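First the structure, in the form of structure tokens, and then the observations on it.
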Amino acid sequence: VPLRSLLLSITLLSLLTGCAGEPDWSPLPAQYRFQPDSEPRVVGMAIRMEEPQVDNYLVSGVLRDELGSMWRWANPRMQLRLQVAERRASTFYIDFVISETTFKETGPVTFRFLLNDQEISRATYDKPGEKHHEAPVAASLLDPTVPVTITIEADRWWTSEDGTKLAFLLVGAGFQQ
Amino acid sequence: MPPVFYILFGSLFTGAVSYALGRLLLDRCRIRLYRHEQALFAFLCGASLLHLLVFTLFATSLARKGVFLATGAAILLWAGRQGLLRLSAPPHPNPLSRPWKVLFGIIYLAYAVLYVTNAMAPEMSPDGSSYHLGLVGRYLRQRSFGFITTNMYASLSQGIEMLYAYAFSFGRHSAAATVHVLFTLSMPWLLLSYGRRIGMPAVGIGGALLFYCTPVVGIDGTTAYIDIAVAAVVFGVFYLLEIWREERQPGLVPVIGLLAGFCFSVKYTTALAIPFAFAWLAFYLWRSRKPWFRPLLQFSLCASLMVLPWLVKNIVTVGNPLSPFLNRYFPNPNVYISFEEGYVEHMRHYGEVQDYRIIPLDLTIHGERLSGMLGPIFLLTPLVLLSLRFAEGRRLLLAALLFALPYTSNIGTRFLIPPLPMLSLALAMAVARTPAVLPLLICLHAILSWPHVLKSYASQYAWTLQRIPVAAALRLTNEEKYLTEHSHGYTIARMIEDTVPRGEKVFTFSGVSEAYTTREIITAYQSGFGNDLGEILWSAMYPEYGPVRHLNFTFAPRRVRRIRVRQELGLSGEWTAHEIRVFEHGNEIARKPSWRVRAWPNPWLAHYAVDGNPVTRWRPRQSATPGMYVEIDFGEELALTEVKVEMAKDFPLPALQLFGAGEQGDWFPLAAEAKSQDVALVPGLRGAAMDALRNHGIRYLLVGPGDPGDDDYKANGRLWGLHWIGERIGTRLYRIEEQRK
């Protein structure tokens with residue numbers, strides 16, 4: 001009999017441990033005052049295409065894509081805006097890809113890089129693939145209080161069946177200070 | 001005194017106190033052993049008792065150098081007074097022939113120099129300098145275990161770390177590593193002794209040297225890792241079981257129980273020693289028709305003595321006795337179920353190893369992907385089947401098979417170390433009767449495993465010993481200089497130590513050599529808290545983690561006191577709630593302090609769904625199943641027409657249903673389905689993320705090259721509210737600025 005009672009108790013206890021109670025209530029936490037305008041500068045010094053704020057940086061000439069996409073197709077003339085943190089001599093850089101598909105039709109492509117419509121650099125690429133380009137920028141061209149517009153122009157492009165002109169794939173761009 | 005003195009004192013004192021405690025135990029249990037066995041088992045059994053003593057001191061906040069010194073001296077005095085410091089047992093009856101002695105002596109001594117110098121050199125092994133000694137240092141600073149819930153490694157059993165703590169208090173990091181080398185140096189003697197006991201001394205020598213020279217044994221056993229000590233304890237249990245099977249000394253049973261329990265205390269995976277030893281004892285007692293109840297009870301009680309403290313510590317600290325595992329059965333906010341599943345899966349494949357066919361060559365020759373290598377001789381492992389001819393061989397292989405089982409859940413080479421002594425002996429046994437083969441294998445293994453030879457064929461990334469650092473070991477080279485030159489982890493830890501004020505916490509996605517900093521490090525992958533902080537940052541930097549999907553439940557006006565958003569179908573993923581907002585005719589109803597919230601599962605994060613911060617979120621942290629819910633109680637009846645759940649898109653669209661309840665508490669459906677709407681991310685999430693981190697007590701961020709957000713922090717640090725305060729080897733340290741008004 002004691003053994004039976006023991007076994008019965010153990011079984012009952014086991015069953016009881018299997019019963020989960022209702023979770024406890026939590027009081028309402030202190031409410032956070034979210035300030036969507038807490039980023040007074042809508043754009044920063046650099047952007048990569050996979051970043052969530054990318055649309056804030058793109059002015060024109062870049063095809064829309066899924067959020068989080070690592071690169072975006074750019075037209076022969078595209079613009080983006082950036083804003084530096086300080087007024088001092090900086091380096092503009094851009095990471096992009098010349099697709100093998102477009103290159104087969106275009107051959108070597110020459111790019112012009114303009115800052116507020118003033119040319120800061122020019123480069124010609126005679127091979128497709130990943131490219132990184134840098135150009136020095138004088139402090140006098142930069143103002144930490146307003147964004148600058150960067151324009152990238154390609155002299156050759158590929159036209160898709162629907163008529164879209166595609167020049168290159170933009171990965172990221174920005175200033176190094 | 002020179003630092004070398006403290007290093008040697010710390011390790012040798014720990015070894016001596018272990019030995020003395022073990023001798024006292026063996027004497028009380030009236031165990032008869034041969035001379036070498038007496039010394040080796042005194043050390044092993046004493047280590048298990050010393051670990052218990054140190055555990056008790058940490059648990060009672062008494063752990064400090066003076067107490068360690070006094071208790072150690074008292075134990076030595078006690079054993080000395082009883083004449084137990086000298087070996088009293090008779091020598092082995094199976095002497096070694098001179099050629100075997102010479103071979104053993106030469107190889108043993110050469111490798112001993114290699115191992116001891118490496119152990120005494122400044123400690124910089126990845127796991128040793130991060131969590132094995134990082135936690136030891138922390139325990140010693142606070143003189144107790146404390147209640148660490150933000151580092152899952154603190155919840156693993158830490159039997160060997162207790163010995164490290166003892167030595168660390170005298171000689172710091174290298175003293176701890178040198179305690180490990182004591183186990184490494186003991187192992188060949190243990191295997192040799194076993195060979196002599198079974199009447200096969202050549203097999204003993206062969207097994208001893210095959211194990212001892214193995215590259216992964218060298219690198220692991222000379223650092224503050226624990227695996228060689230674990231292997232020693234496991235083999236000790238097997239060895240004692242063999243002696244008990246032969247001689248049936250009743251005093252052996254409690255000692256086997258203690259050592260088998262110690263197997264759990266040193267590493268979860270070797271807890272298999274407990275059922276193994278229990279089954280072994282039960283089987284042979286049953287076969288010989290001897291009384292079984294008393295010995296098995298003795299065994300169980302002694303094993304429990306070693307196991308229970310760790311289980312209780314975890315129950316008290318993190319609410320799960322076997323944390324960081326089995327969280328499904330012991331739900332807690334400290335290690336999430338989804339993390340555990342991902343972690344276990346990662347360990348099963350070691351990140352990128354999808355094709356198991358690479359394992360044999362990587363284990364033996366390349367050593368590139370599995371963290372350590374065994375050496376080419378172990379390509380002959382299939383020959384161990386030849387040892388099945390012998391009864392001893394069959395028992396060795398049975399034990400090896402059992403202790404190799406955890407390898408299926410972690411394919412790192414280290415996880416083959418516990419069965420390696422048995423495998424080495426079985427391999428030696430398989431070839432021992434063929435003239436000259438065994439000495440040839442031993443010599444070949446010793447040569448091929450020597451660091452300078454290894455470099456010629458193993459991967460440059462193989463985890464092996466690289467040098468014989470005599471100057472560093474003797475501290476003729478400045479320790480700081482040596483560590484700075486050889487250890488990135490140390491350099492970064494020093495930056496933290498130099499820059500971050502005392503008492504502050506640093507959050508990071510990558511690990512840090514915590515043994516070299518006194519600041520608290522919160523690593524994203526090491527706890528539920530760390531997971532949450534990591535997700536807060538991801539929400540601000542990756543679109544799919546932000547609140548970019550809104551589920552709108554609209555319905556005819558109803559007065560409700562409570563609402564419940566409930567998952568209706570099972571999902572392979574999860575669902576999340578960044579914010580739940582309620583509306584009346586398009587106007588959001590302001591939240592009141594009288595509101596309450598709860599969720600199931602993961603009730604601990606329910607408040608994130610109503611805190612107003614778009615980067616914090618509730619998620620179940622396990623695959624969504626029907627019935628999971630978030631519930632809000634308004635404290636009074638409100639007229640509602642719409643409920644909006646703001647969530648991320650990192651998981652598939654969930655099938656949610658909305659229920660309401662009035663004052664009476666009866667639930668009724670409010671809306672059977674919701675309209676899903678994708679919305680653009682609002683700016684300002686960076687600042688919200690930093691505010692959330694600061695509210696969680698984090699004011700410093702350590703970002704390694706390639707860590708999430710690395711580029712964005714560099715380019716847009718001001719938008720984040722981060723101030724760059726230091727950089728070493730590409731790893732940046734930021735201070736989170738004070739909250740913006």
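Keep in mind that the numbers below use all heavy atoms, side chains included, and drop hydrogens, waters and symmetry copies. All chains are named by letter (A, B, ...) in the order of the sequence lines, taking the proteins before the strands, and each is independently numbered beginning at 1. Note that this is a predicted model, so its numbers are computed, not measured.
For the set A:Pro27, A:Ala46, A:Ala30, A:Gly172, the count of heavy-atom pairs under 4.5 angstrom toward chain B peaks at A:Ala46.
Atom-to-atom distance recorded for B:Trp600:CH2 and A:Asp24:CG is 15.0 Å, nearest 0.5 angstrom. Taking CE of A:Met45 as the reference point, atom NZ of B:Lys714 lies at 11.5 Å (rounded to 0.5 Å).
Looking at every heavy atom in both residues, A:Tyr32 comes nearest to B:Ala688 through OH-CA, 3.2 Å. When all heavy atoms of B:Pro603 and A:Ser26 are compared, the closest pair comes out as O-OG, 4.3 Å.
Shown are B:His607, B:Arg596, B:Lys592, B:Arg591; of these, the side chain to side chain contact (heavy atoms under 4.5 Å, CB included) with A:Leu28 is made only by B:Arg591.
Proximity to chain A is limited to the backbone of B:Ala599, based on heavy atoms less than 4.5 angstrom apart.
By the 6.0 Å contact criterion, CH2 on B:Trp604 is enclosed, its count of non-hydrogen atoms from other residues, nucleotides or ligands being greater than 12. Atom CD of B:Glu588 has more than 12 heavy atoms from other residues, nucleotides or ligands within 6.0 Å.
A distance-only check finds a donor-acceptor pair linking the side chain of A:Gln31 to the backbone of B:Val610 [under 3.5 Å].
Contacts between residues 611-620 of chain B and chain A, defined by a heavy-atom separation under 4.5 Å, are made by B:Asp611, B:Gly612, B:Asn613, B:Pro614.
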TODO: Please report the C-alpha distance between A:Phe34 and B:Asp691 in whole Å, then the side-chain angles of each, then the deciding distance to 0.1 Å, and finally whether the side-chain contact (heavy atoms from CB on, under 4.5 Å) criterion is met.
DONE: CA-CA 10 Å; A:Phe34 177 54; B:Asp691 289 341; over 6 Å; no

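Residues B:Asp711 and A:Arg48 meet the side-chain proximity criterion, which asks for heavy atoms closer than 4.5 Å.
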